[in-house]
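Chain letters run A, B, ... following the sequence lines, proteins first and then strands; every chain starts at 1.
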2 protein chains.
Amino acid sequence: MRLEDEIQQKEFKDDYSKAIVNILFTQSYIVTKQNNFLKPYGLSPEQYNVLRILRGQNGNPITVSSIQDRMLNKMSNASRLVEKLKQKGLVLREECPADRRQVDIMITEKGLQLLNQLQEEILNQNNNLIQLNQQEVSQLNFLLDKLRG
Amino acid sequence: MRLEDEIQQKEFKDDYSKAIVNILFTQSYIVTKQNNFLKPYGLSPEQYNVLRILRGQNGNPITVSSIQDRMLNKMSNASRLVEKLKQKGLVLREECPADRRQVDIMITEKGLQLLNQLQEEILNQNNNLIQLNQQEVSQLNFLLDKLRG
DNA sequence: TTGTATTAAATGTATATACATACAAATGTA
DNA sequence: TACATTTGTATGTATATACATTTAATACAA
């Protein structure tokens, strides 16, 4: 559906201005659906993202600042998100022996099981969320990667 | 720059999963720049968006719920954003005579002047933010509009 | 080695999102 | 008309973002 109709705006100054708003609006569309999906599991989209980063470590610990670097939102707050996940028993946090300023974070077995439980449904949902064919979605990824310079 | 490099992820399950993350990451990229731009003017991106909606009314009042409908984030809170803008003298809020539950919102002269002051720079920034040529940005808008179904 | 600078993480505060609830005004129906 | 329902807005609470500050540990230079 045309963005102009969805937000009841007659027209944009130019395609660049429309693209800005289009990306923000589409992000909200996606996060809303993700949020609805994850809520029954007690996870926010951001917490889910941190869990995926930890799973990607394949059992190796990772520091809080490395998590921060890999997060989708660079201005987020990995320290507090990790604390939330720890309270749910999904991650472990322990002082790094080599550098006592750092804190090693690892996903727990419970965290891994939760991700595995979600995995199949998430893949399906991702496909349903994006009403594009394979060639179009590949083109979209190309354009977004290029957009950021 | 490739998303995989920016968030240090080896690969995605498929292009659909990458597209989800790509949109979220690109939104954060844009909002961060918008935020940096708007901060000197004391506006958040969301407050700026509400002001633009009000300007689009060409002097006609609009209710809080109509603002909500047109906002980029449907789950936002127009009532509180309007209150912030009112405190800054950028909008007026008055009871709607036809229906006393409703509240008519209008942009003030000060609000209009602020938007005009920003306009030129915003257009330039939008172009710089998106490192795509005219044909590519048009294609991006087409894909995002289609994506949401 | 001592003092300074840097780094990692945590914490404090303001704003915004997500959602539930409250309350008053309007609407619809018996 | 009386009463239940719906609607528009405001408000309360939890989570997250944006950013400044704090604290402890480490690195480095005089």
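- The nucleotide C:dA30 finds its pairing partner in D:dT1, both defining distances of the Watson-Crick or G-U wobble pair being shorter than 3.5 Å.
- Judged by closest nucleotide on DNA chain D, B:Gln102 is the one of B:Gln102 and A:Lys74 placed further toward the 5' end.
- Near DNA chain C, meaning a heavy atom under 4.0 Å away, the residues from residues 19-52 of chain B are B:Ser44, B:Glu46, B:Gln47.
- Of all nucleotides listed (D:dT9, D:dA24, D:dT17), D:dT17 comes nearest to the side chain of A:Arg80.
- Annotation: proximity of residues 89-100 of chain A to DNA chain D (heavy atom, distance under 4.0 Å) is found for A:Asp99, A:Arg100, numbered in ascending order.
- Here the straight-line distance linking atom CZ of B:Arg55 with atom CG of B:Leu115 works out to 4.5 Å at 0.5 Å rounding.
- How far CD of B:Gln131 is from CZ of A:Arg148: 11.5 Å, rounded to the nearest 0.5 Å.
- Counting heavy atoms from C-beta outward, B:Leu38 and B:Leu118 have side chains that approach closer than 4.5 Å.
- Relative to the side chain of A:Asn73, the nucleotides D:dT17, C:dT17, C:dT11 differ in distance, and D:dT17 lies closest.
- Of the candidates C:dA16, D:dT9, D:dA25, D:dT9 carries the atom nearest the B:Ser65 side chain, counting heavy atoms from C-beta on.
- Heavy-atom nearest nucleotides on DNA chain C were determined for A:Val82 and for B:Lys84, and the one closer to the 5' end corresponds to A:Val82.
- Under the 3.5 Å distance criterion, the side-chain polar atoms of A:Lys110 are matched with a main-chain donor or acceptor of A:Lys88.
- In this structure, B:Ile122 CD1 and B:Asn127 CG are separated by 11.5 Å, a value rounded to the nearest 0.5 Å.
- Between B:Lys18 and B:Glu11, none of the side-chain N atoms (NZ, or NE/NH1/NH2) sits under 4.0 Å from a carboxylate O, so this pair counts as no salt bridge.
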Review item, nucleotides 2-5 of chain D N/O atoms under 3.5 Å of protein N/O:
none

